[in-house]
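Chain A is the first sequence line, chain B the second, and so forth, proteins listed ahead of strands; every chain is numbered from 1. All heavy atoms count here, side chains included; hydrogens, waters and symmetry mates do not.
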Number of protein chains: 4
Amino acid sequence: MQSRSPVSRTGRPRSAAADTAILAATREALVELGWSKLTLGDVATRAGVAKTTLYRRWPGKNELVVDAVAALFDELEMPDRGSLAADIEGVVLQFAAILVRPEIKSGLMAVVAESTHDDALRERIRASIVDRQKRLVLEGRARAQQRGELPPETDPEEAARTVDLIFDMVAGAVVHRTLVSAEPVDPEWAGAFTRVLVLGLGRSQ
Amino acid sequence: MQSRSPVSRTGRPRSAAADTAILAATREALVELGWSKLTLGDVATRAGVAKTTLYRRWPGKNELVVDAVAALFDELEMPDRGSLAADIEGVVLQFAAILVRPEIKSGLMAVVAESTHDDALRERIRASIVDRQKRLVLEGRARAQQRGELPPETDPEEAARTVDLIFDMVAGAVVHRTLVSAEPVDPEWAGAFTRVLVLGLGRSQ
Amino acid sequence: MQSRSPVSRTGRPRSAAADTAILAATREALVELGWSKLTLGDVATRAGVAKTTLYRRWPGKNELVVDAVAALFDELEMPDRGSLAADIEGVVLQFAAILVRPEIKSGLMAVVAESTHDDALRERIRASIVDRQKRLVLEGRARAQQRGELPPETDPEEAARTVDLIFDMVAGAVVHRTLVSAEPVDPEWAGAFTRVLVLGLGRSQ
Amino acid sequence: MQSRSPVSRTGRPRSAAADTAILAATREALVELGWSKLTLGDVATRAGVAKTTLYRRWPGKNELVVDAVAALFDELEMPDRGSLAADIEGVVLQFAAILVRPEIKSGLMAVVAESTHDDALRERIRASIVDRQKRLVLEGRARAQQRGELPPETDPEEAARTVDLIFDMVAGAVVHRTLVSAEPVDPEWAGAFTRVLVLGLGRSQ
DNA sequence: GTCTAAACGAGACGGTACGTCCAGTCTTTGT
DNA sequence: ACAAAGACTGGACGTACCGTCTCGTTTAGAC
């Protein structure tokens with residue numbers, strides 16, 4: 001009989017604490033040093049862990065940073081604020097608040113840059129970060145349809161395309177404002193942005 | 001009457017050809033190797049130039065890549081296509097065409113990432129790339145006002161804010177679509193995007 | 001009973017073979033290139049070793065060459081040739097034979113030159129090379145005293161000064177003849193030199 | 001303004017002052033930096049001269065240092081001190097006094113080391129430094145013969161060999177004592193050395 | 001209560017690129 | 001024609017990390 005279990009039943013198990021410590025150390029190092037000066041040796045030292053332990057769990061710097069950063073995005077939530085505009089504005093502000101955190105600022109763009117010539121990395125980013133947040137768009141649309149602010153979708157393909165468009169517009173604008181223009185996403189900007197977006201979407205009205 | 005350069009009329013002058021060769025070599029290396037594997041030694045070799053010559057002119061990899069990439073953005077133009085929507089759609093497609101070029105794809109996000117913890121670099125990017133392209137938004141608005149598609153601005157501060165908002169929305173959405181979502185900016189997407197944007201702007205007046 | 005090395009029983013141990021290979025490669029490079037054209041990168045390559053490994057073990061070129069050269073001096077021996085004069089003549093010829101070897105010729109004077117403004121290096125040379133060979137003078141004197149050629153020393157301080165004087169005279173003359181005058185130390189010269197020295201020492205008693 | 005030289009009408013004449021300044025700057029740099037850290041650019045700067053001027057006059061560092069150092073050896077003189085022993089002792093002390101000067105200490109051994117694999121350099125050293133000092137041995141011998149301390153030479157070849165031997169013994173011992181053993185050549189040592197040498201030479205007595 | 005195999009820390013290893021420095025040459029303008 | 005200035009090619013420097021590799025040492029679970 002062969003063991004079906006993917007994990008080894010014998011030998012010393014991997015320390016669960018190490019994972020946590022490594023990810024925390026990575027975020028800490030991102031804050032202090034930024035992506036390009038972050039070294040795995042330094043992360044290992046901060047985490048009180050040998051370099052080998054780190055390499056046993058992540059293939060490299062990129063993947064480690066993706067995982068270290070991904071967790072922070074799960075904080076995003078979209079409580080019902082009563083209208084589509086309010087919901088969007090809330091998410092925009094929340095999203096911006098995450099983006100300005102220095103560990104994100106330093107890490108996110110860098111891994112996206114790396115992903116432009118590393119397909120596996122792009123897939124990891126999509127799975128860990130991007131797609132996880134699309135739920136917000138879906139949720140918001142559903143809520144708006146319930147409220148009657150948006151018509152129910154007729155063509156499901158067209159609907160999917162619209163979700164992607166909205167996602168690119170929201171995420172893109174906030175990221176560009178924050179990281180490229182380096183201007184704050186304050187309620188005023190969020191309001192102006194949301195107004196344009198909601199009006200643009202509301203063609204049926 | 002006026003001295004062109006207040007300093008150094010003595011000594012061997014810097015080779016003008018070297019600058020050109022170095023920037024071209026940088027773009028070539030970006031295409032072949034991508035940002036992270038690009039080394040200044042390799043660029044120097046490709047340009048047929050000593051490493052010292054390169055370091056004499058640029059402080060480092062980041063600044064070199066900004067300059068190498070900036071030139072390509074000046075290709076952007078906005079011929080009069082007859083309507084605001086057509087003008088925007090045209091620029092979006094052109095912009096996307098530049099972004100998918102491998103030397104841009106590899107380099108742009110990386111330097112933006114670096115700029116998150118290097119103020120001088122961010123300023124260089126803003127001066128060399130970002131601000132230079134805002135002219136397109138200004139030009140487009142002026143043309144739309146001439147056509148009567150948009151009212152003349154009344155409050156100049158408000159107008160400036162709107163220019164920034166539009167710039168972040170257009171650039172952000174296209175960059176996100178291209179580099180994060182890694183989906184093509186085809187005429188269909190460009191059309192959908194433009195429709196939302198123009199509708200949103202029109203109604204907000 | 002006693003721990004050989006009080007430090008570092010942990011981590012991967014240093015390769016003993018590397019030391020040997022590096023010193024051999026250094027001697028080889030000295031022969032082919034001479035001191036001034038010898039580079040540590042080249043030595044590392046010849047030894048099949050990374051540059052870092054070399055720097056981990058020696059602080060620089062000088063110290064490495066001292067160690068590479070020192071071993072060769074341990075070949076010096078002084079078999080009993082029956083008389084003080086014969087013993088000295090034998091050592092002079094042996095010493096000269098070592099000095100004309102190209103790895104010594106290239107390296108020895110250079111490190112001595114460096115040592116004139118590097119106290120640690122001078123100490124290293126003294127410990128590794130100079131003091132190790134003073135044994136020959138001591139041995140020769142003891143033997144001559146046994147034979148009755150020299151009287152037993154009475155004042156130990158005076159005796160130590162004489163040892164130093166003889167050492168400087170022998171080593172100095174042979175080195176000067178070989179490396180500065182660039183003339184061969186043949187049996188004839190060795191005989192003439194020994195005659196002067198033995199005569200001078202004998203009469204001074 | 002009047003032309004200084006009636007001969008050379010054409011071209012700017014070489015500055016004689018430059019030679020002096022360069023050699024002085026070389027000695028100064030040798031004192032401060034030592035041979036290995038002395039750079040020709042630095043010498044040129046100290047001398048208030050362009051690097052090109054320096055290269056126009058000397059082929060390289062070695063030759064420059066030989067010339068810078070050689071002048072100092074011409075200070076050696078041997079006034080008649082009344083006996084062979086006193087003459088030798090006087091020269092030994094003078095020679096030692098020159099050798100301990102830092103510009104000599106740093107430079108002399110280094111160029112000798114280089115000369116072991118550069119025949120032209122060895123010849124230059126021989127011509128500029130070594131052979132110039134052999135006159136002292138010849139002078140001393142002649143004087144001793146006049147005084148009757150040494151017999152007149154019979155075999156001129158044998159006599160030449162003896163001159164060389166004495167030169168190697170004196171120069172070698174003093175150099176070795178000073179630069180390798182790094183002990184002072186004080187009157188006590190000089191006396192002991194001279195005693196051995198004179199006794200050794202005086203076989204006819 | 002051992003046995004045992006993987007995980008662990010430490011740190012040496014072969015590499016690659018870094019950014020700096022100097023050698024020696026070349027190209028300007030000035031005298 | 002020579003000088004001063006300084007840019008140029010080329011190459012070694014010593015350092016920093018990379019990702020891998022040996023070591024000796026835990027340590028949790030299987031027996």
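A/Leu23 places a side-chain heavy atom less than 4.5 Å from the side chain of A/Trp58. Annotation: side chain of C/Arg124 is in contact with side chain of C/Asp67 (closest heavy-atom distance under 4.5 Å).
C/Arg27 CZ to C/Ser106 OG: the interatomic distance, rounded to the nearest 0.5 Å, is 14.0 Å.
Residues from residues 12-21 of chain A lying near DNA chain F, meaning a heavy-atom separation below 4.0 Å, are A/Arg12, A/Pro13 in numerical order.
At least one side-chain nitrogen or oxygen of C/Thr53 sits closer than 4.0 Å to the OP1 or OP2 atom of E/dG14.
In this structure, the CG atom of A/Leu33 is 15 Å from the P atom of F/dA16, given to the nearest Å. The distance from atom CZ of D/Arg56 to atom C1' of E/dT27 is 13 Å, rounded to the nearest whole Å. If you measure from atom CZ of C/Arg46 to atom P of F/dA12, you get 12 Å, rounded to the nearest angstrom. Atom CH2 in A/Trp58 sits about 15 Å away from atom P in F/dC18, given to the nearest Å. A straight line from CG of A/Leu54 to P of F/dC17 spans 15 Å, rounded to a whole angstrom. Counting to the nearest Å, the C1' atom of F/dA7 and the CD1 atom of B/Ile22 are 12 Å from each other.
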Sequence-aligned protein contact record of nucleotides 18-24 of chain E, with B where the base is within under 4.0 Å of a protein heavy atom and S where only the sugar-phosphate is: SBBBBSB
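Listed by first then second residue, pairs satisfying salt bridge (Lys or Arg N to Asp or Glu O under 4.0 Å) with a partner in residues 48-62 of chain A read A/Asp19-A/Arg57, not counting sequence neighbours. Listed by first then second residue, pairs satisfying salt bridge (Lys or Arg N to Asp or Glu O under 4.0 Å) with a partner in residues 38-49 of chain C read C/Glu28-C/Arg46, C/Glu32-C/Arg46, C/Asp42-C/Arg46, not counting sequence neighbours.
For B/Ser36, the side-chain hydrogen bond (donor to acceptor under 3.5 Å, both in side chains) criterion is met by A/Glu114, not counting sequence neighbours. Partners of D/Ala70 under the side-chain contact (heavy atoms from CB on, under 4.5 Å) rule, at least two apart in sequence or in another chain, are D/Ser128, D/Ile129.
Closest heavy-atom contact between B/Val112 and B/Ser115: O-OG, 2.6 Å.
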